[in-house]
Amino acid sequence: DTGVSQDPRHKITKRGQNVTFRCDPISEHNRLYWYRQTLGQGPEFLTYFQNEAQLEKSRLLSDRFSAERPKGSFSTLEIQRTEQGDSAMYLCASSLRGRGSANTEAFFGQGTRLTVV
Amino acid sequence: GQQLNQSPQSMFIQEGEDVSMNCTSSSIFNTWLWYKQDPGEGPVLLIALYKAGELTSNGRLTAQFGITRKDSFLNISASIPSDVGIYFCAGQDTNAGKSTFGDGTTLTVKP
């Protein structure tokens, strides 16, 4: 399968614990995005990378959240000191930005469902 | 910030009927995307639109990019039970490639 892959699919954690999610994008895609989705809402943008550079962070991304893409391939999203309000589906997407051309459409992974108890 | 208003919020239709849903924005987008999401899964891209006025089909699905670049609609013809799901529109930022999503239209198809 050459689509976007996310791990784990589900995570249940106690409030106050740290969690880390992983995303493997489509291999030739240089852009990687993280979104958060709560029940009844559309996905909301959190942050994105072009290669290993994190180019934008949403105001939704509090200082308890950190994302990395160290070698420009896979990415991790860490949430420290989780709160019940962090419960959501965390979605990763990737796309290709060619030289001098517009961004292609983004393809999503299956998401990581986080439940904070 | 940018907001997309998607309507209707939900639809209950009979198998074989046609469906129409739309999306309006307070801002201009240069790319409109339509996704379908099944429960517990990520959104799956259905149709991408790149030019104002563009009409694009994908099987029984047809989508149009509004001439003002502030709206788009999606039609599904001859609905079948597997069309059930949540349909999201998204406006894509040209430079960053990030998308702003509507809150979805939940489609239920009765056999």
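Quick note on labels: first sequence line is chain A, next is B, and so on, each numbered from 1.
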Exercise. Salt bridge or not for A:Arg9 and B:Glu41, using N-O below 4.0 Å?
Worked result: yes
Same cluster or not: are [X] and [Y] linked, directly or through other Ile, Leu, Val, Met, Phe, Trp or Tyr residues, by side-chain heavy atoms under 4.5 angstrom apart?
X       : Y        : result
B:Leu46 : B:Leu107 : yes
B:Trp32 : B:Val44  : no
A:Ile26 : A:Tyr90  : no

Seminar exercise, completed: Ranked by heavy-atom pairs below 4.5 Å to chain B, first place among A:Gly42, A:Cys92, A:Ala93 goes to A:Gly42
Heavy-atom distances under 4.5 Å only: say whether [X] touches chain B with side chain, backbone, both or neither.
X       : result
A:Leu91 : side chain
A:Gln50 : neither
A:Gln41 : both

Nearest 0.5 Å please: distance from the [atom1] atom of [X] over to the [atom2] atom of [Y].
X        : Y        : atom1 : atom2 : value
B:Asp93  : A:Glu56  : CG    : CD    : 7.5 Å
A:Phe107 : B:Tyr35  : CZ    : OH    : 7.5 Å
A:Gln37  : B:Asp103 : CD    : CG    : 9.5 Å
A:Met89  : B:Gln37  : CE    : CD    : 6.0 Å

Problem set entry | Structural part of B:Thr106 lying under 4.5 Å from a heavy atom of chain A | neither
For this session: Select one option (side chain, backbone, both, neither) describing which atoms of B:Gln9 are under 4.5 Å from chain A's heavy atoms.
Result: neither
Exercise. Do the ring centers of A:Phe45 and B:Phe101 come within less than 6.0 Å of each other?
Worked result: no
Exercise. Among B:Gly102, B:Ser99, B:Gly104, which has the most heavy-atom pairs under 4.5 Å with chain A?
Worked result: B:Ser99
